[in-house]
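The block underneath contains the structure these notes are about, expressed in structure tokens.
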Amino acid sequence: MGERKYCYKCMEKYDSMLHVCPNCGYDEYSGHNPMYIAPGTVLHDRYLVGVLLEYNGEGATYICHDIATDCKVLLREYMPINLCTRVRNKAVISVNYNNLAKYKAFMAEYTELNKSLARLRNDSNINPVLDMFAENNTTYTVFEYIEGETILNYLKENAGELSWDQVSKIFPPLFTTIGRLHNAGIIHRAISPDTVYITDKGELRLTGFCVSAVRTAGAGLEYELFKGYAAPEQYSADSSSRQGSWTDVYSICALLYRALTGCMPDDSITRMKHDDLHEPFELNQRIPHHVSRVIMDGMNLSGRDRIQTITELVTRLFEQPSELRNTTSVVVPPSMQEGGYRNDYQQQYIPPQQQDNYRNTGYNNVPPQNYGNDGYNNGYNNGYNNGQDGYEEDYHYEKVNTVDRLKVPVIIGICLLGILLLIMVAVMNIYSGGNSGGSSKTKAAATTTSNNVVTETTNETTETTASKDTELPDLTNKFFDPTAEKWAEFFTLEPIYDYNNDYDAGLIYDQDIDPGTMISKGTVVTVKVSKGKESAMIPNYSGMTVSQYQSELEKNGITNYQFIESNPSYYSTPNTVVELQIDGVRVSPGDYFSNKDNKKLVVYYIAEGAAIPAAPTEAPTEAPTEAPTEAPTAAPTEAPTEAPTEAPTDAPAENGGEEPQQQ
């Protein structure tokens, strides 16, 4: 057997003479995204980098082989795509000077986050940090390779859902881990079926930790939110949208919702507009009622009204339901005692509609449904009228005295009499007064309470005041489109677009109604929206792909541009920019471009996959074409035409008398 090499996809060894891995089918000649590390690169003299597994606004994750320990690992590279780029054909990262401060600030947060995770490496429900090092102008983190699959795939293999009995066995260790993270000051913000793995040992493991800006819209990095599992406060970077342990409570409850019902919950931003999320019990009646209710409380759209901590969530999920704590003493008929039901029925009665639920949660001794629909309700106040034939004579009816029989009708009669008197007083005031004073008295009696009966008298003034029930928020520094969509049911935003050097394109920078003003539904609020900077510096395109340079233009505030494909020459590189022009005049990186002039920056580029002429093929083609065409054509045309024509004409005239004498 010859030498062996590592497959860059599965990191298993195979014969070096082969080009396709027999284990996973990976072709070593497969292309890779030049924005990320090339497979086969060795970092820190220890880690052999394989293929790219995933990436987001914070960085990228690769499969790797740890040469020192001879095992597979996961390598995470800090690389915010909108703040930096990679030097062509190298692992080194290049950061634009304008983004340097942000790049370093987020890298410091990334480093501190992973240091905190490293201190929790003994927790088996967190993917442990094995190593951290700085190289190539960035920071790398090495994690243990997970032998398992995501909960999402696990659910697909298990009919799409799990029972509460299964969930109550495998989830508690994960709850404990999340609590430890919160105590350490770490908020995950991305708990979902894609970030929770189940190992080959049946243990849950939490992954997907990122800096907060990646898990919050508009926070400075390209964000990644998991639809259906992200809390409402993650869709805004506004200081009023506070995030905390309750943010993870929303996500874990959404995950429980998905695991127990088989359905992904509605996205929180959609629920903000119209919330018609069904309770888990409505989708799967085997889910215990109290569990269903707790999950909905954990997914409350208001962070303030939501379950606040993981401890509170666990307590409410696994506490004894209130129905079991409120026991009722019952009388067991002698005939039933002899039939073997004495021990069962001397405990409290469990309603039939809850028996299945309690069986799922492990409660035993549930009585069979043999004795009617409502046999034991209300302590036998209504006897056993709906029971099985033959048992009615064995029941001892609880005696009801005369006072109890008359109490309810008397109370109802008093209430009706009070309401009738109020109506008569109101009618007398209207018809006898006939003046503003009488009207005022009627309006004063807007709400009257008597024996728990409330009568509301509505007037025009109350309706006018109640209509202004929305407090206008501060809209500045928020993106117009999502903000207008979010508040569409309450008021309408009318935009006025203009350039502004202090606000990015799409951000609201002024509003015609002050924040805090109470407005009515449908009010039109005029806002000024930034079209971007008035002028911006043209960025350098060296070492960038076409898409990267497009992102760089928008990041620098240049919005009026156009990409035009250029014809390649033998020295061209596919998927690169070759020239910049404004109104047909060539410009250079570093020049200033005015967005207000309505001129367009034209970017000429070589398309990816363009046919590049080869240099050796061009030289031989030009030489034979020029030389033979010019030389042979000129020589025969000039020499024969001039020489024979002039010689015969001149010679006889000049030497005609001398030739005979010489002879």
Side-chain angles (χ1 to χ4, degrees), residues 52-63 73-78 109-110 113-114 116-118 120-121 123-129 141-158 162 167 170-182 184 186-217 219 221-231 233-235 243 245-260 264-265 267-268 298-299 310 313:
L52 174 71
L53 297 180
E54 60 181 6
Y55 63 91
N56 59 18
E58 178 195 74
T61 302
Y62 308 84
I63 188 172
V73 294
L74 297 174
L75 181 131
R76 179 72 174 172
E77 177 188 42
Y78 170 72
E109 183 182 349
Y110 170 87
L113 170 64
N114 286 285
S116 299
L117 292 176
L120 298 171
R121 70 179 66 189
D123 193 316
S124 61
N125 297 103
I126 299 177
N127 199 25
V129 175
T141 309
V142 181
F143 294 92
E144 182 180 295
Y145 185 83
I146 301 176
E147 298 290 350
E149 60 183 343
T150 64
I151 278 289
L152 182 62
N153 291 333
Y154 182 76
L155 290 172
K156 291 178 180 178
E157 296 170 1
N158 288 271
L162 302 176
V167 168
I170 65 175
F171 271 78
L174 179 64
F175 295 149
T176 303
T177 294
I178 297 172
R180 292 186 63 192
L181 290 170
H182 292 172
I186 301 173
I187 309 299
H188 191 280
R189 298 180 177 89
I191 301 172
S192 72
D194 291 301
T195 58
V196 177
Y197 280 72
I198 184 165
T199 66
D200 295 341
K201 298 179 181 179
E203 298 175 344
L204 297 185
R205 186 166 289 186
L206 187 59
T207 67
F209 292 89
C210 282
V211 297
S212 59
V214 177
R215 305 302 185 196
T216 307
L221 290 179
E222 185 178 300
Y223 63 89
E224 178 189 45
L225 300 180
F226 291 91
K227 184 177 181 181
Y229 305 93
E233 57 266 26
Q234 294 181 251
Y235 286 89
Q243 297 183 26
S245 56
W246 53 89
T247 304
D248 281 348
V249 167
Y250 186 98
S251 298
I252 193 67
C253 285
L255 177 59
L256 291 174
Y257 189 105
R258 170 65 179 86
L260 291 169
M264 186 184 78
D267 191 26
S268 62
M299 296 179 66
I310 197 71
L313 174 66

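- Between P193 and T150, the shortest heavy-atom distance links the atoms O-CB, 3.4 Å.
- Contact between G148 and D200 at its shortest, heavy atoms only, is CA-OD1, 3.8 Å.
- Formation of a donor-acceptor pair under 3.5 Å by the S251 side chain with backbone atoms of Y229 is found in this model.
- To the nearest 0.5 Å, the span separating CD1 on I191 from CD1 on I178 amounts to 3.5 Å.
- How far OH of Y154 is from OG1 of T199: 10.5 Å, rounded to the nearest 0.5 Å.
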Could you walk me through whether Y223 and V214 satisfy the side-chain contact (heavy atoms from CB on, under 4.5 Å) test, starting with their C-alpha distance in whole Å, then the side-chain angles of each, then the deciding distance to 0.1 Å, before giving a yes or no?
CA-CA 4 Å; Y223 63 89; V214 177; 5.6 Å; no
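- A donor-acceptor contact shorter than 3.5 Å links the side chain of T195 to the backbone of A190.
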Would L174 and I252 count as a side-chain contact (heavy atoms from CB on, under 4.5 Å) if you check the C-alpha gap in whole Å, the side-chain angles of each, and the deciding distance to 0.1 Å?
CA-CA 10 Å; L174 179 64; I252 193 67; 4.1 Å; yes
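- Between the OH atom in Y78 and the CG atom in L113 there is a gap of 12.5 Å [rounded to 0.5 Å].
- In this structure, the separation between CH2 on W246 and CD1 on I187 is 7.5 Å, given to the nearest 0.5 Å.
- Side-chain contact between M264 and S192 is absent, with no heavy atoms from C-beta onward closer than 4.5 Å.
- Using a distance-only test at 3.5 Å, with no hydrogens or angles considered, no donor-acceptor pair links the side chain of N125 to the main chain of R205.
- Put simply, the side chain of L204 reaches to within 4.5 Å of the side chain of I151, judged on heavy atoms.
- In this structure, the side chains of F143 and N114 come closer than 4.5 Å at one or more pairs of heavy atoms.
- When only modelled atom types and interatomic distance are considered, T247 and Q234 share no side-chain donor-acceptor pair under 3.5 Å.
- Proximity of a side-chain donor or acceptor of N127 to a complementary backbone N or O of E144 within less than 3.5 Å is detected.
- Judged purely by distance below 3.5 Å, without hydrogens or angles, the side chains of Y235 and D267 pair a donor atom with an acceptor atom.
- How far CZ of F209 is from OG1 of T141: 12.5 Å, rounded to the nearest 0.5 Å.
- Judged by distance alone, with hydrogens and angles left aside, the side-chain atoms of E58 form a donor-acceptor pair with the main-chain N or O of V211 at under 3.5 Å.
- With no hydrogens or angles considered, a side-chain donor-acceptor pair links Y62 and E77 at under 3.5 Å.
- The shortest heavy-atom contact between S245 and H182 is CB-ND1, 3.5 Å.
- Smallest separation of non-hydrogen atoms from Y250 and A231: CD2-CA, 3.7 Å.
- For the atom pair L120 CG and I186 CD1, the distance stands at 5.5 Å (nearest 0.5 Å).
- No hydrogens or angles considered: nothing links the side chains of S212 and Q243 as a donor-acceptor pair under 3.5 Å.
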Between E222 and N56, is the side-chain contact (heavy atoms from CB on, under 4.5 Å) condition met? List the steps.
CA-CA 7 Å; E222 185 178 300; N56 59 18; over 6 Å; no
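- Closest approach of L313 to C253, counting heavy atoms only: CD1-SG, 3.6 Å.
- Contact record, R76 with C210: NH2-SG, 3.8 Å, taken as the closest heavy-atom pair.
- At distances below 3.5 Å, at least one donor-acceptor pair connects side-chain atoms of R215 with backbone N or O atoms of E224.
- Annotation: side chain of L181 is in contact with side chain of L206 (closest heavy-atom distance under 4.5 Å).
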Is there a side-chain contact (heavy atoms from CB on, under 4.5 Å) between R180 and T177? Walk through the geometry before answering.
CA-CA 5 Å; R180 292 186 63 192; T177 294; 5.6 Å; no
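- Side-chain atoms of S268 come within 3.5 Å of backbone N or O of A230 as a donor-acceptor pair.
- Put simply, the side chain of H188 gets close to the backbone of T207: a donor and an acceptor are under 3.5 Å apart.
- Under a cut-off of 6.0 angstrom, the local environment of OH in Y55 is sparse, with at most 12 non-hydrogen atoms contributed by other residues, nucleotides or ligands.
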